[in-house]
Amino acid sequence: MAGKVVSGAVTWGLFAAWAVHDAEELATMARWTATARPRLQERFPQVPDAVWRRMDLSQREVNTAIGLMAGVVAAASAAGARTGGRSPFFGTVLFGFGLHGAVHLAQSAAGLALFPVVAAGVQGLARLLNRR
């Protein structure tokens, strides 16, 4: 962000993007960890129990963690707005959010790459099941 001045709308856009992203996590994280843990433990028995216990998250813990992160992202957005986007704090948080987004995109790309294989597989299975 060095050199170029950006508007407050851009810097507050970071907070808006983060809020939209974390709204989904707020709604699903505690429930997902509770239902996924048994399957993951079965699949990865070598992982120590202490790790699995840390995965137990109450909705209250999720709310608190997301609320604390909201404070960090809001402070970074405000710092960015005050400095025209030149704040190192704003730049660091923006970069971190971008990396986090890149991980989500990579996961989506991997799922997309497998889609033709899955689609062909279920079509083949459907053909086998429906033969007379």
Side-chain angles (χ1 to χ4, degrees):
M1 304 252 63
K4 189 172 184 178
V5 175
V6 296
S7 73
V10 171
T11 63
W12 284 106
L14 168 63
F15 183 73
W18 173 86
V20 167
H21 171 272
D22 271 36
E24 176 264 336
E25 291 183 3
L26 185 66
T28 62
M29 186 182 293
R31 184 175 54 246
W32 181 86
T33 58
T35 59
R37 180 181 169 179
R39 290 189 317 264
L40 292 171
Q41 278 183 289
E42 186 176 316
R43 186 170 181 186
F44 302 104
Q46 69 277 15
V47 174
D49 284 337
V51 173
W52 297 120
R53 283 192 300 275
R54 285 180 176 249
M55 198 174 154
D56 288 333
L57 299 170
S58 70
Q59 188 62 49
R60 185 175 181 173
E61 289 171 314
V62 170
N63 296 349
T64 302
I66 290 175
L68 291 169
M69 186 57 76
V72 172
V73 179
S77 296
R82 252 190 334 274
T83 62
R86 292 187 176 126
S87 162
F89 178 42
F90 170 73
T92 300
V93 172
L94 180 64
F95 183 74
F97 186 67
L99 283 178
H100 182 77
V103 169
H104 281 286
L105 290 174
Q107 291 169 329
S108 296
L112 186 60
L114 291 174
F115 179 75
V117 174
V118 172
V122 297
Q123 287 297 325
L125 184 57
R127 180 165 289 157
L128 284 173
L129 294 172
N130 288 300
R131 281 190 179 163
R132 293 184 193 243

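These values consider heavy atoms only, across backbone and side chains, with no hydrogens, waters or symmetry-generated copies. Here, residue 1 is the first one in the sequence, and each next residue gets the next number.
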Side chains of [X] and [Y], heavy atoms from C-beta outward: is any pair under 4.5 Å?
X     : Y     : answer
Ile66 : Glu25 : yes
Thr83 : Phe90 : no
Phe89 : Val72 : yes
Asp49 : Arg53 : yes
Met69 : Trp18 : yes
Gln59 : Leu26 : yes

Heavy atoms only: give me the nearest [X]-[Y] pair and the separation to one decimal.
X     : Y     : value
Trp52 : Phe44 : CZ2-O, 3.7 Å
Ser87 : Gly80 : CB-N, 4.2 Å
Gly8  : Thr11 : O-OG1, 3.1 Å
Arg31 : Ala27 : NH2-O, 3.4 Å
Ala30 : Leu57 : CB-O, 3.5 Å

CG-CZ distance between Asp22 and Phe15, expressed to the nearest 0.5 angstrom: 9.5 Å

Exam field: side chain Trp12 to backbone Ala81, donor-acceptor pair closer than 3.5 Å: no

Donor-acceptor under 3.5 Å (Glu42 side chain, Arg39 main chain): no

Salt bridge (Lys or Arg N to Asp or Glu O under 4.0 Å) partners for Arg37, two or more places apart: Asp56

Evaluation steps, side chain to side chain contact (heavy atoms under 4.5 Å, CB included), between Leu40 and Met55: CA-CA 11 Å; Leu40 292 171; Met55 198 174 154; 3.6 Å; yes

Output side-chain donor-acceptor pairs under 3.5 Å for residues 102-119, partner residues at least two apart or in another chain, one line each.
unit_1: His104; atom_1: NE2; unit_2: His21; atom_2: NE2; d: 3.1
unit_1: His104; atom_1: NE2; unit_2: His100; atom_2: NE2; d: 3.1
unit_1: Ser108; atom_1: OG; unit_2: His104; atom_2: O; d: 3.1

